[in-house]
Amino acid sequence: MNVNHLRQKEAYNVAIVGATGAVGETLLNILEQRKFPIDTLKLYASKRSKGKQVTFKGTTYTIEELTEDSFEGIDIALFSAGGSQSKKYAPHAVKAGAIVVDNSSAFRLDPSVPLVVPEVNPEDIAWHSGIISNPNCTTIIMLVALKPLYDYSRIRQVFVSTYQSASGAGAQAMEELKQQVRSWASGDDISVKKFQHQLLFNVIPHIDTFQDNGYTGEEMKMFNETRKIMHDNEIRVSATCVRIPVLYSHSESVSVVTENEITPEKARELFANAQGLKVIDNPAEYQYPMPLDTQFGDDCHVGRIRKNIAEDNTLNFWISGDQIRKGAALNAVQIAERLIADMGAASNRFLSAS
Ligand code: A2P
């Protein structure tokens, strides 16, 4: 049973929480690009950003400090200010009547909260009770590719190593990598704050905190969130998540063990017909997915598709996608678009029944 319902309107009152962050800025960009029907737009961040100005569709908006009373009259609140802000403020948004699409991990595994990738499980949006969670970015990118395979043959296991860009750790982390480049070029000392180690000229096999089983939080998100989104509590995902000195777009090397064999030819066909994916798989011409080609784009690129020679019924592929767009902001806007489209469908059903 939904707590909050959207009323069908020409345009909606939208709030962005974390509007000054890497995802928040991209949310604005995508809402404008996709002509999301906005009536009132409210932009929130911390006290530090209060008074900053942002331009959206040619109009200047002022960033306001987020408070418990920020959601009066808001229909849709897009949260991207980290888990603790979501835990604290999302309930206030719901109480004020808004539907929250939350980018943080705060509610992802809560059984009363749908966890949605629109290309994979759009039907789950219908049972929200005020909050819908956006999955972890590496999980979204992987699942856009796993879904068409799964629809052809059940997936038993996934072995994945990720190559995650600096922007996944936020705007300040991206700035740290740029600063390390400048410091190195001018012969200055390289400073490290956001990452555990120098990222420039390095690869750091550590994202999120280590758990008792030796995996990190990010790696366990890929395990747990895949099960919830795919509605399959037997699928096993073993991930190694790695930070690399790239600014935008995450890449992943994926091996998928399926119940029935999926040949590379079949996989190419399945990927080519799937939403949100583009097959870039022509090694002879040096064409394969790369972060420089997927950054700032909406589609994930999939390639290096081949049969795994170490194990039967196992397919290997390489995928790259802009994790700020498809892995976060775009996915959230797609959920919001589905919410308002479902509104239209529901009221059309009502009209034709009455
Ligand atoms: P601010 O810029 O004022 O710190 P990123 O993940 O790219 O670092 O972005 C985090 C976003 O979350 C920013 O917009 C940041 O705002 C916002 N944020 C961080 N802490 C708070 C807070 N206590 N209240 C509201 N917004 C916050």
Side-chain angles (χ1 to χ4, degrees), residues 14-32 41-56 60-72 74 76-96 98 100-108 131 133-140 164-180 191-196 199 207-209 217-218 221 241 243 246-250 295-296 322-333:
V14 174
I16 297 185
V17 175
T20 52
V23 174
E25 285 177 4
T26 308
L27 274 169
L28 283 168
N29 178 275
I30 291 175
L31 289 169
E32 180 161 354
L41 178 66
K42 302 290 272 181
L43 302 180
Y44 297 114
S46 77
K47 205 161 133 179
R48 293 179 291 274
S49 304
K50 188 176 167 184
K52 271 193 189 164
Q53 303 218 305
V54 170
T55 306
F56 177 77
T60 304
Y61 291 82
T62 303
I63 303 280
E64 296 174 52
E65 181 185 350
L66 178 67
T67 70
E68 294 175 359
D69 304 320
S70 295
F71 303 99
E72 198 55 49
I74 294 296
I76 299 173
L78 303 171
F79 271 66
S80 198
S84 46
Q85 310 316 322
S86 292
K87 277 196 189 124
K88 185 166 171 197
Y89 294 102
H92 293 285
V94 173
K95 201 162 153 216
V100 170
V101 181
D102 182 37
N103 253 304
S104 80
S105 58
F107 308 107
R108 286 186 190 145
I131 302 177
S133 268
N134 221 29
N136 161 267
C137 53
T138 41
T139 309
I140 294 178
Q164 299 184 217
S165 61
S167 54
Q172 289 170 10
M174 208 169 19
E175 195 43 49
E176 178 163 313
L177 177 59
K178 289 183 191 169
Q179 185 53 44
Q180 289 180 354
S191 78
V192 176
K193 283 200 210 89
K194 289 294 281 186
F195 298 110
Q196 302 87 356
L199 187 58
I207 298 179
D208 210 335
T209 49
E218 181 88 348
K221 284 174 195 165
C241 291
R243 188 76 65 193
V246 153
L247 281 176
Y248 299 98
S249 257
H250 288 355
Q295 66 181 7
F296 317 130
D322 187 323
Q323 90 291 343
I324 294 184
R325 291 184 75 90
K326 182 53 199 161
L330 174 62
N331 199 75
V333 174

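Each ligand, and each atom within it, is numbered from 1 in the order the structure gives. Note: hydrogens, waters and symmetry copies are ignored here, and every other heavy atom, side chains too, is used.
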* **Protein contact to atom 21 (C) of ligand 1 [nearest heavy atom, distance to 0.1 Å]** => Ser46 CB, 3.6 Å
* So is Leu66 polar-close to ligand 1, meaning N/O to N/O under 3.5 Å? -> no
* Among all protein heavy atoms, pick the one closest to atom 20 (N) of ligand 1 and tell me residue, atom and distance. => Arg48 NH2, 3.7 Å
* To do: Give the residue, atom name and distance (to 0.1 Å) of the protein heavy atom nearest atom 14 (O) of ligand 1.
  => Thr20 OG1, 2.6 Å
* Structure fact -> From the list Asn103, Val100, Val101, side-chain contact (heavy atoms from CB on, under 4.5 Å) with Phe79 holds only for Val100
* Without hydrogens or angle criteria, can the side chains of Asp69 and Thr67 be said to hold a donor-acceptor pair below 3.5 Å? -> no
* **Those atoms of ligand 1 less than 4.0 Å from some heavy atom in Gly18** => 11 (C), 12 (O), 14 (O), 17 (C)
* Look only at interatomic distance and state if Gly21 has a nitrogen or oxygen under 3.5 Å from any nitrogen or oxygen of ligand 1. => yes
* Structure fact -> ligand 1 atoms nearer than 4.0 angstrom to some heavy atom of Ala19 are 14 (O)
* Assert yes or no for the condition that the ring centre distance of Tyr248 to Phe296 is strictly below 6.0 Å. => yes
* Structure fact -> Per side chain to side chain donor-acceptor pair (under 3.5 Å), Thr62 is matched among Lys50, Gln53, Lys52 by Gln53
* Nearest non-hydrogen partners of Lys221 and Asn136, listed with the distance -> CD-ND2, 3.7 Å
* Measuring from the heavy atoms of Ser80, does anything fall under 4.0 Å of ligand 1? -> yes
* To do: Would you kindly say whether Asn29 and Arg325 are connected by a side-chain donor-acceptor distance under 3.5 Å?
  => yes
* Below 4.0 angstrom from a heavy atom of Ala22, which ligand 1 atoms are there? Numbered from 1 as shown, please. => 7 (O)
* Asked: Should you measure from each heavy atom of Ala171, which atoms of ligand 1 turn up under 4.0 Å away?
  -> 5 (P), 7 (O), 8 (O)
* Structure fact -> min-distance protein heavy atom vs atom 18 (N) of ligand 1 -> Ala81 CB, 3.9 Å
* Are any of the N/O atoms in Gln172 less than 3.5 Å from those in ligand 1? -> no
* To do: Assess the side chains of Ser167 and Gln323: does a donor N or O sit below 3.5 Å from an acceptor N or O?
  => yes
* Asked: Any N or O on Gly170 sitting closer than 3.5 Å to an N or O of ligand 1?
  -> no
* Give the numbers and elements of all ligand 1 atoms closer than 4.0 Å to a heavy atom of Ser49. => 1 (P), 2 (O), 3 (O)
* Could I get the full list of salt bridge (Lys or Arg N to Asp or Glu O under 4.0 Å) partners for Arg243, not counting sequence neighbours? => none
* Asked: Do any N or O atoms from the side chain of Glu176 and from the backbone of Lys194 form a donor-acceptor pair under 3.5 angstrom?
  -> yes
